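Please read the structure below before turning to the comments.
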Amino acid sequence: MDQDMRDSIMGALEDVLDPELGIDIVNLGLVYDVDMDEEGNATVTMTLTAMGCPLAGTIVDQVKYALKDLPEVKDVEVNIVWTPAWTKDRMSRYAKIALGIQG
């Protein structure tokens, strides 16, 4: 997958908001990797802010919905992982400012 496609996928994922925090999953640092094979099957490897998040299914559905408008993407698989564990250090400067977090 080339950098332009990676940027398109990440840009689309910026439309997916964490329902509890109101910040997108990219700026929160929840997206660890994106990949797409030659057939257009995209894989998003991501985590959640907390294990047992009751909105995990909603976020996965939103990820799939966000990528369906990209003509190159034919199917989306979302892998939720817990390693490495998410920390506030993964957040962008924008997300930290929006949430009032120092550092």
Side-chain angles (χ1 to χ4, degrees):
M1 177 173 64
D2 65 21
Q3 189 61 44
D4 287 341
M5 190 66 233
R6 179 177 294 280
D7 292 346
S8 293
I9 290 173
M10 292 300 281
L13 292 176
E14 286 181 354
D15 290 336
V16 179
L17 299 181
D18 180 294
E20 294 177 315
L21 299 176
I23 305 291
D24 69 86
I25 62 174
V26 174
N27 279 293
L28 282 174
L30 298 178
V31 178
Y32 288 173
D33 191 31
V34 294
D35 196 18
M36 189 170 75
D37 65 19
E38 299 80 29
E39 286 82 45
N41 300 307
T43 303
V44 177
T45 302
M46 62 175 290
T47 193
L48 302 169
T49 55
M51 227 182 243
C53 173
L55 299 170
T58 300
I59 294 172
V60 167
D61 289 344
Q62 289 177 358
V63 166
K64 292 179 178 183
Y65 184 79
L67 297 184
K68 78 174 185 61
D69 288 336
L70 297 175
E72 301 88 350
V73 176
K74 305 301 179 221
D75 192 33
V76 179
E77 179 180 338
V78 180
N79 291 330
I80 303 291
V81 298
W82 301 108
T83 304
W86 178 83
T87 67
K88 291 178 179 142
D89 294 338
R90 294 192 53 87
M91 295 168 63
S92 72
R93 183 172 178 274
Y94 160 77
K96 288 178 181 177
I97 290 170
L99 295 173
I101 295 172
Q102 301 296 321

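As the structure is a computational prediction, the values presented were derived from the model and not from experiment. The analysis underlying the following values was restricted to heavy atoms, covering all of them including side chains, and did not include hydrogens, waters or symmetry mates.
In this structure, L30 and V16 have side chains that are not in contact, with every pair of non-hydrogen atoms separated by 4.5 Å or more. In this structure, the side chains of M1 and V34 come closer than 4.5 Å at one or more pairs of heavy atoms. Put simply, the side chain of Y94 reaches to within 4.5 Å of the side chain of I23, judged on heavy atoms. Using a 4.5 Å heavy-atom threshold, the side chains of I80 and I59 count as separate. With contacts defined as side-chain heavy-atom distances shorter than 4.5 Å, the pair D75/E39 does not qualify. For the pair T47/R90, no side-chain contact is recorded, criterion being any heavy-atom separation below 4.5 Å from C-beta on. When side chains are defined from C-beta on, D15 does not count as touching D24, because their heavy atoms never get closer than 4.5 Å.
For D33, the side-chain hydrogen bond (donor to acceptor under 3.5 Å, both in side chains) criterion is met by R6, not counting sequence neighbours.
Atoms CE and CD, from M10 and Q3 in turn, are 10.0 Å apart once rounded to the nearest 0.5 Å. Interatomic distance, OG1 of T58 versus CG of L17, reported as 12.5 Å (0.5 Å rounding). Expressed to the nearest 0.5 Å, how far CG of L67 lies from NZ of K74 amounts to 12.5 Å. Going from atom CE of M36 over to atom CG of D2 covers 8.0 Å, rounded to the nearest 0.5 Å. Of the inter-residue distances, the one linking I25 atom CD1 with T49 atom OG1 reads 11.5 Å to the nearest 0.5 angstrom.
Linking ILVMFWY residues whenever their side-chain heavy atoms come closer than 4.5 Å, directly or via other members, places Y32 and M51 in the same cluster. The hydrophobic clustering, which links ILVMFWY residues whose side-chain heavy atoms are closer than 4.5 Å, places V81 and V78 together.
Closest of all the heavy-atom pairs between V31 and M46 is CA-CB, 4.0 Å. Closest heavy-atom contact between L48 and A56: CD1-CB, 3.5 Å. Closest approach of A95 to N27, counting heavy atoms only: CB-O, 3.4 Å. In terms of heavy-atom proximity, M91 sits nearest to K96 at O-CE, 3.6 Å. Here the closest non-hydrogen pair linking W86 and L28 is NE1-O, 2.7 Å. Heavy atoms only, all atoms of each residue included: E20 and C53 are closest at OE1-SG, 4.4 Å.
Here the options are D35, V44, T45, the test is side-chain contact (heavy atoms from CB on, under 4.5 Å), and the partner is N79; only T45 passes.
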From CA spacing to verdict: side chain to side chain contact (heavy atoms under 4.5 Å, CB included), L70, M5: CA-CA 9 Å; L70 297 175; M5 190 66 233; 4.0 Å; yes
